[in-house]
Every structure is written in structure tokens, then in C-alpha cells.
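These numbers were taken from a predicted model, which means no experiment stands behind them. Letters A, B, ... are given to chains in the order of the sequence lines, protein chains preceding strands, and every chain is numbered from 1.
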Amino acid sequence: MTIDKNFNPAAIEAKWFAHWEESGAFRPERPDAEPYTIVNPPPNVTGNLHIGHALDNTLQDILIRHARLQGKDALWVVGMDHAGIATQMVVERQLNERQDKRTNYTREEFIEKVWEWKEESGGQITQQLRRLGCSMDWANERFTMDEGMNKAVLKVFVDMHKEGLIYRDKRLVNWDPGLKTAISDLEVETREINGKFWHFSYPLEDGSGAISVATTRPETMLADMAVAVHPKDERYTDMVGKMVRLPITGRLVPIITDDHADPELGSGAVKITPGHDFNDFDVGKRAGFAASEMLNMLDGEGRVVQTSDGLIPDEYIGLYRFGKEGEATNARKMVVEAIDALGLLENVEDRVIQTPFGDRSNEVIEPWLTDQWYVDAETLAKPAIDAVRGGDIKIVPKSWEKTYFNWMENIQPWCVSRQLWWGHRIPAWYGPEIHKNHIMKRTGDDEQPYNTEMNPTIFVAETEVQAIELASRAYQKKNALPNDSKVQVVRNQQESFESILPAIWRDDDVLDTWFSSALWPFATLGWPEETPPWNGEVARSDGGVPPVDRAQGSLRSHPSTTSGGPPPRSGAELLARHYPNDVLISGFDILFFWDARMAMQGLHFMGEVPWKTLYLHGLVRAADGSKMSKSKGNTVDPLGLIDQYGADALRFFMAAMESQGRDIKMDESRVEGYRNFATKLWNAARFAQSNGIGASTTLRAPEAKLAVNRWIIGETQTALDKLNAAFEELRFDGMADIVYHFVWDQYCDWYLELIKPVLSPLPFRGGAGGGASQPNSDSADKPHPNPSPEGEGLDVAETREVAGWVLDQILVMLHPFMPFITEELWHEMGPRSYDIIHAKWPEPRADVDAAASAEIEWLIKLVGEVRTAKNELGIPPGTKMDAFVRDASDATKARLQSQSAALARLARLENVSTDDAPDGGSIQLVVDEATFVLPLEGVIDLGSERARIEKAIAALSKELAGLDGRLGNANFIERAKPEAVEKARADHAEKAAEVGRLQAALARLG
RNA sequence: GGACGUAUAGCUCAGUGGUAGAGCACUGCAUUGACAUUGCAGGGGUCGCAAGUUCAAACCUUGCUACGUCCACCA
């Protein structure tokens, strides 16, 4: 097999992903290996892959593939989120397009439509994640509304209700009039808008004057229940306790004192509308109003409704709060006009107002008094705070800890009920509160059905049958019903009306989507059941990892991969092995929404943290630094980038740019650069292949004799050590940087160049130089036969072995970042009995050979000096020159001997002689102790060479001056670390000597 | 009002006490044996400002400025 001349990412991506997935490669069974687990943040079923997913999932795949290569039992849980509001909106929008609407259907019918939509067009993102190369456990894909998740959700709700951690309460919620549901604090986004500040004059009832109040929400005055002033505000001392006659409604309300009133603001008096303002609600409670007494003047869509005291004039009923498109008038406008007409409008100021918006609907949030379900987050937060404080959860980067603590320590009750149809329906049933005589009476007559609004009794249970049992027991106990009365399943009031037992009916609301995703780290692993997976299928029945050849003690011998075959995957075992998860990768934007809630629920139900490390990454921003958004039209489609540059390039970009604690600015030229990097690797492999280099057979570094081979083995070990350290610290940018430079600079630019003279000692074109003659080959792709004499045969064999071994290490090290090209080249380089996805992470166990390193570094320096000098003197790079060396040590002489072929090839130094250089113009190069003299034979201007050397002397002198300054400072000598002083002295001596040699060279030039 | 982050080459970013690096861009040179999605060489930065600590500061401390983000009930 020959590697194609051109690297075509698209072809290999499709091929390898299909192969991996079909062969079950993403979930090798390694029951004896150390588990490693990541759960993927379930993307919305409505979602498409955006650039943020590309970052998030690339980072996870790097860790998972790395763990897999390390032989761990790596599990990456994947699934989708039902995304309550978003999904319901999508399906409703589709209905609207057909002049249809949700309310034309029953709840069951509508939900059926959502499921249909989900099956047909939902979850496109799962295909898109595959294009990115994500090695998730696709065979066990989950859904936050699948059967298993539903069981988990029900148990959690019921248990927490029993413990008092979930309760129902009537209070102000953030109500979204667009979506007509309550939402949580986190889903509210405060924005600044240009508004007004209206100053009203409220007349006192006794006619003794008026009190001035100011508001940004004039329409809410229809439900005002008080006017508050600060207790210490002496301006109003006399008025406190008096009554105000409100304009328009004529309602009589008291002037009260409350610390909330700010004497500095407006007149210092503030109108109090407990039913439509969070502050006023608290003031109202302090003033003694019960929640049930607080006046409500709006319906769920933000239209005026009559308050319970019936004081709002009819013409206001039905108007929107502050107008909707197409509305001629609205409550705000009418209220202001009416007050103005009464002469009670004092003035109107322009003012920037902090206004709450629903993050999905973009509607202004209305604080609204309703019954909702709440989670006692404060109680749950405590263990989650301790877990981070005590180090059971490590947050990376650490700077986010403070934000986490700040939020958790001030956490508010979490409103989890949503007035939607799509979601986990709340497992609560209601029954009317009734008494014995009431029942007796009802059993006989045919009165109206129960008033369900009246004090319902709540029964929380996992199933309706259980709820009925609870209800039955409760009523029997409370009402002393005869013990022989039968428990009947009653589904509606009419039915119960005919029975002795009361009807119960289920709560209409569903749970916040985040309620179920908070259980993701353990509910996806089988909790609360201990049986096989929910979907009833045995995980990946089509077989596991192909058998691997363990015979050779080589890369193939993967300790943790045994035979293929269907893996046992019991819930209990899964949970025990994979909980806690190892790391969670998440954007900081969902730290509160998701991460914190997983921490709380995991600790509560599992008694252990959900993950040991929480890694938070930033946002991917547009090239100009702005946030990407569909509405701005500045999004970058990751699939487009994959089409253009390949998935490997995009992934490498994400890794390279992921620096802890920082956002990523999109920079397409860097994606292109990493595509070029992939091409470079591709061509290096082609070169290797065409020179008879193939797959290695050993995990350990091969034995080598040649300095260049000993050097690259040491470099491989060094690069690997650095890479391992970067993985340890989750430094993705560091990982990418290390691999990139090792491959390109060390392996390609130097090593492959340096072994060319060994592998094919060709004569220079048209040159008279030695070397075995090699007939011009017509194909670069053919392996060159080794034409060398006997002794060189061993060198060639060794070099091929080392070059192939290093290339294999590169492919494995690079695989987590660039899975596709590495898998392709892995197989192209030779027959393999297993895929690179299951290879073993490098363990060269090689020592760095100091002597070999020194020799190659010397060689690199000398070659560099020659090239630079030629460049600066305008000598064509291909010009062959002879060299005469002065003051060379024996070691240098030996190196000149052993590296003569490399010097000839890379520096075009034909002969290096230790004889005295002939008189005349020459290039003078100082490398370490030796000076190399390259006669120019009048080719160039002596003045140029003189100038070049003077420039070098000047640069060195500047450094010397700095060192002189330090060494001349007594404080430095006395107080600096001895190593620093020693190093300064050594540097000084070395540079001084080099200046001396350059000056001598200059002198020789005459 | 709190909290956090960022400020380093033209651009995008690394660099956590010993006189600054990468990628892209730029300049010059190179074109039959891996690669122009290339090679070789080069130019380019008083590390936001100020003060302090230190023998020594891009790096530690404090203050300031600019930009960004999150949290918070200012009607």
C-alpha cells in the first residue's frame, strides 16, 4: 500500500469513523482496567453543532482517547437533552406555520407530535458530533426523557418531597408572559433599556395634602397596596399611618415605613405593589399581608384582569401591560394619561432601567404570584460547597471557585415547575380536602363537582396508583372511613363523584429541563435500578474490540483489552465503576445551570461528588472578539471548517487555543495552519514509506548506535515527558504546542533531513563529490534500495527502525488530537493487527544521551551558522564550499568526521580540513571553541563579511555588558542564588571567548 | 454596588523571578527525489500606566486606566 500523494481529510474521516463505530471501538471492554469516565453535556435535541460544541467535545475526546490509549476502561457517556421549552417552541412553530396551534390538540396528542418530531428531525447533532470524531459510547446513547431517566426523575422528586427538600409554595415567580410559564432566576437576563421615571402625586384621604411617588412601572399602580417611606425619613413622619386615596381605582392604602424606601431616590416615598414586584412583595409581607391577600392585576399573558377588590375600571380590563404590536393602547399609556388628566402627573424623567427579560422568549419578565414547586437549594448546596472547599472536587481553573462559592452561598430556592407540556410531568396528584360528613353527603346526592381550587391536598408518588393509595389512606385516616371501603382507581372527578373516594388529578406542570440533566452523571449509569440498560438492549451486541495480538510485547500488547464479545453491563457494576466520573468539561456559562446542580444532586443521592475535576472552558468568540450569535449573523459553522480544513485541523485548533481561563477568538488562519501541519505529517509519512521505513514492533525505544538516532530517541522521550505533564495539568494548549513542534521542528526539519544521507547517500546534482551513485529514480514513491557498501547496511537498518519507531510514537501521541489522519497513517505504514485507537501510549523508557544530544546540537548550530552567513552575504544556498577549521578540539574533529555526510548535505560543506586556511577573503564562523574558515576566492566583498562579523560582535558585546553589570554588582554576587551567579559567570566567559575569536577572525580578514 | 478575567510583535496568543517566544502576516533567497498546504534565512516588542518588594520584575504587591464577563431588589 502506498500513501496517496495528496492528503484528503474527507475521505479518511468518513471511512475511519464508520469503522470505529461498527467495530465497537469506542467502548472496549476492559473489566480489569482502571475506569475513566466523562459524561457529555447532553446537547439539546433541537440543536445543531456550533463552534462551542466543537470546543467542548474536542477537549473531552482528547481526554477520552488519551485514557483509552493509556489502557483505561474509558467510558464517554453520550445522550441528548429534551430541552423542554426549546423543543416545545420548535414544534409549536411548525404548527403555526400550518395555521395550526398546540391548543387544538390534547396534551397527549401534542406530546405525541413532539416525539414524532424528535424521531424524524431531532438530534441532528449526533451525526455532527461523529464528524468531529467524537468517540462516545454511541451504542448506549441516552435521552433525558428516556425510560431510565424518567424513573430516576420520579424517584428523586418523590424522595426529595418526602425529605421536605421539594415543596409547593405561593410566591412571586419570574413569569414569562411570552412562553406563559414560570422560569428560574437563572433564565432571567437583566438588560439596560431606555425607560422613564414617572412621578405621581397621591392625594391623602384626609385632604391634608399629597405624597409624591415615582415609578418605572406606572401601570402597576392599579394594584398598589401601600406607600412606603423610610422610618428615619423625617419629611414623612407626620404622614405615616395616614391613608392614601389612589387615583383611578380609589383604593385606600396606608402609608407605611420600611427600610426598603430609599430617602435619596425620587421623593423618598415609594408605591408598593406586592403582587408585581419582588421588593414590594417582601415589603408587603413585612407589612403583614399574606400572599393570598396580595392583589394581582395581570393574567399569564400580561393583560389586565380585575383585582379581587373589583376596583379597576372596566376600560382597563384586557389591555396589555405596556403594549404589544398592533395594539392601539395599553394599560401603561392609559394610566399615565388618566393621572395626567387628574393633574396628578408631576413630571416624567428619562431613565436607564435594569429590566428583566426571559432568555429564550425575549419578553419582559413579570413577577407574578402563583403556586409553583421549589427545591430547597440552600440545604443541597452545603455539601456541594464543602466538596469544593475540601478538595473532593477540583475546579480548573481555580479562579472559578470564588464564583462558585459566591453563588452557592447565596443560593435561592429553585423554581422547578414549568407550565409546559413537553417534559417530565410532575409526579404530584391533588385531591380536594374533604371531611367525613362531606363525603357522606356527596355519596348520596348530585351536587356540583368539587371546587378544585380549594385547598387541595397533595399526594406525591411515582405512579398514579401509588398516589391513589396514598389518598385513600389519608382520607380513611382523616375521615374514619369504613375500613372495608375499596381503593378505586379514579381518573376524573365524575368517576370519583360516583365513588366514595375523592378524585385525584395530576399536576399539569412539567419539570425544568435542568432538573433531569442534573441527574446525568449517575442516572445514565443505571441509577436507581441495578439492571441492564434502559433501552433493554445489551450494550453493543455486535461485538467488542477485535482480539488483539499480545504475543510480541509490543504496541499490540494492550494489557486491558481482552477478547471481543458482548460486554456485561449491569447497572450496579456500571455505577460502581464509573461514579464518580473523572472529569467534567463544561463551558463556564452553565456552571450554575448544570454543574452546580449536578454537584448538589450527586452528593445528595449518591453521597459522593459527581466528578473529581470540573474543568471550565471559555467561549469561542468571533474574530472581532464579539460573542457569536445567530441574530448577529457572525457565527462560524464548525462543519464548514471541517469541510474546508478537515476535522483533525479543527480539533487541533481547539486544543491549541484552549488556554485556561480565557475565551477563544476565532482565527481561521490558525485552523488553516493546523491543516498544513496535518499535511506535513502526511508527507513525512510518505517520505518514510518511500525509504523503506515501516511500522515498528517495539514499545520500547530501539537500541541505536548513530548519534542522530540516539538523539531523536532522547528528544522523543523529552517531548513525551512534557506531554504527559501537560495532560496531568489539563493544559490543552501546552499539549498541542509540544506535539506540533516535536513533529515539525525536530522530526521533520532536522531528523528526517539528517537521515537522508544515511538512507540514500546521493551524489549532489552535477557535483563531483563522492557517495555511491544512484541512478535517477523516476518515482519518489518507490523505496530506495540500499546501495551502500557493507558497513553502512547496519546503519541503514538501524535508522529505518528508529525512524519508524519515532513515527509510531508521534502517531500515538497525536492521536487524541488528530484521530483520523493518525489512524490512516498507522495502517498505511504497515500491517497492524489492531487500530491506533487501541494502541498503547508511548513508554520509551529511554535515557537522553547527553553526548549524542550535544553532537547533534553542535551540528545544528554549525549548519545554521553556514546558512545564515551565506544568506547574509548573498551567496546562493546551493553553493558548495570547503572549510578549514582552527582550534578544533579532538571532539570536534571526531564530529566533523562522523557528520561529514550531513554537513555536505545540509550545509554544502564539501571538505572540512584541519589544515591552515589559504590566504584571502573568507567567511569566519565561530562555533564553540572552533573557528571555521570558508574561503571565498574573491566571490564576495570582504567588506560585507567584515560588517557581518562586526554585527555579531556588537550583539555579543551588548549581552556581555549586561552580564558585566550584574557581575560587577556586589549585591548580586552576595545575594543572588549561587546557581544564578555561576551561570552568569559561565555565560560571561563563553561570550567573552566568542568575542575574542570573532575579533581574531576579523583581524585575519585584514 | 460586589466579584472575576484580560491588556506581551501588525493580527491571534504562549510565557508565574535571571534581560521575551509561537502561529499567521511581512522581507530576502531557494524549484527535478516527502512536502509551495514547502524549505532556508531575516526584520519586528521600553511586555497598558505608575509606584513598591527584590541583587534581579512581563512574572510578586498596591493603585490607576481600558476592554470584557458574571452576580446583586435600587422603585
Identify whether any heavy atom of [X] sits under 4.0 Å from a base atom; if not, whether one sits that close to sugar-phosphate; answer base, sugar-phosphate or nothing.
X	value
A:Ala261	base
A:Trp198	nothing
A:Asp589	nothing
A:Asp280	nothing
A:Glu974	nothing
A:Gly968	nothing
A:His741	sugar-phosphate
A:Tyr674	nothing
A:Ser659	sugar-phosphate
A:Gly673	nothing

Nearest to the side chain of [X], which nucleotide is it out of [options]?
X	options	result
A:Met657	B:rU12, B:rG68, B:rG18	B:rU12
A:Ser669	B:rC35, B:rG5, B:rC24	B:rC24
A:Arg731	B:rA34, B:rU12, B:rG15	B:rG15
A:Leu752	B:rU12, B:rA34, B:rC74	B:rA34

Between the base of [N] and the side chain of [X], is one N or O donor paired with an acceptor at under 3.5 angstrom?
X	N	answer
A:Lys977	B:rA56	no
A:Arg675	B:rU37	yes
A:Lys402	B:rC4	no
A:Glu865	B:rA41	no

Under 4.0 Å between a side-chain N or O of [X] and OP1 or OP2 of [N]?
X	N	answer
A:Arg286	B:rC73	no
A:Arg351	B:rA75	yes
A:Lys665	B:rU12	yes
A:Lys680	B:rG39	yes
A:Asn871	B:rG28	no
A:Trp682	B:rU38	no
A:Thr868	B:rG42	yes

Whole angstrom is fine here: how far is it from [atom1] in [X] over to [atom2] in [N]?
X	N	atom1	atom2	answer
A:Asp749	B:rU38	CG	C1'	10 Å
A:Phe687	B:rA34	CZ	C1'	6 Å
A:Leu619	B:rC4	CG	C1'	15 Å
A:Arg975	B:rC55	CZ	P	4 Å
A:Glu658	B:rU12	CD	P	18 Å
A:Glu409	B:rA3	CD	P	14 Å
A:Lys398	B:rG5	NZ	C1'	17 Å
A:Met666	B:rC11	CE	C1'	14 Å

**OP:** Applying side-chain contact (heavy atoms from CB on, under 4.5 Å), run through A:Leu186 and A:Arg597 and close with a yes or a no.
**Re:** CA-CA 12 Å; A:Leu186 289 175; A:Arg597 285 161 179 172; 3.3 Å; yes
Original post:
Does NZ or CZ of A:Arg651 lie under 6.0 Å from the centre of the six-membered ring of A:Phe817, at an angle within 45° of the ring axis?
Top reply: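 No - A:Arg651 does not lie over the ring of A:Phe817 by the 6.0 Å and 45° rule.
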**OP:** With A:Lys680 as the cation and A:Tyr747 as the aromatic partner, state whether NZ or CZ is under 6.0 Å from the six-membered ring centre and within 45° of the axis.
**Re:**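 No, A:Lys680 and A:Tyr747 do not form such a contact.
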Is it true that [X] and [Y] have a side-chain N and a carboxylate O under 4.0 angstrom from each other?
X	Y	result
A:Arg321	A:Glu366	yes
A:Arg217	A:Asp277	no
A:Asp733	A:Arg731	yes

Under 3.5 Å for both donor-acceptor distances, Watson-Crick or wobble: does [N] have a partner, and if so which one?
N	value
B:rC59	none
B:rC47	none
B:rA7	B:rU65

Rounding to an integer number of angstrom, what distance separates [N] and [M] when you compare their [atom1] atoms?
N	M	atom1	answer
B:rC47	B:rU6	C1'	14 Å
B:rC49	B:rA57	C1'	15 Å
B:rG52	B:rA14	C1'	28 Å

**OP:** Examine the side chains of A:Asp280 and A:His276 and answer whether a donor and an acceptor come within less than 3.5 Å of each other.
**Re:**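 Per modelled atom types, A:Asp280 and A:His276 side chains form no pair under 3.5 Å.
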**OP:** For A:Trp407 and for A:Phe7, locate the closest nucleotide of RNA chain B by heavy-atom distance; then report the residue assigned to the nucleotide nearer the 5' terminus.
**Re:**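 With A:Trp407 and A:Phe7 compared, the 5'-side residue is A:Phe7.
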Original post:
Taking for each residue the nucleotide of RNA chain B with the nearest heavy atom, is it A:Arg662 or A:Asn969 whose nucleotide lies nearer the 5' end?
Top reply: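 Result of the comparison: A:Arg662.
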**OP:** Identify which one of A:Asp4, A:Ile12, A:Ile3 satisfies the side-chain contact (heavy atoms from CB on, under 4.5 Å) criterion when paired with A:Glu824.
**Re:**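 When A:Asp4, A:Ile12, A:Ile3 are each tested with A:Glu824, the side-chain contact (heavy atoms from CB on, under 4.5 Å) holds only for A:Ile12.
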Original post:
So, for A:Tyr751 and A:Ala803, which heavy atoms are closest and what is the spacing to 0.1 Å?
Top reply: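 Nearest pair, atom of A:Tyr751 first, then A:Ala803: OH-N, 3.5 Å.
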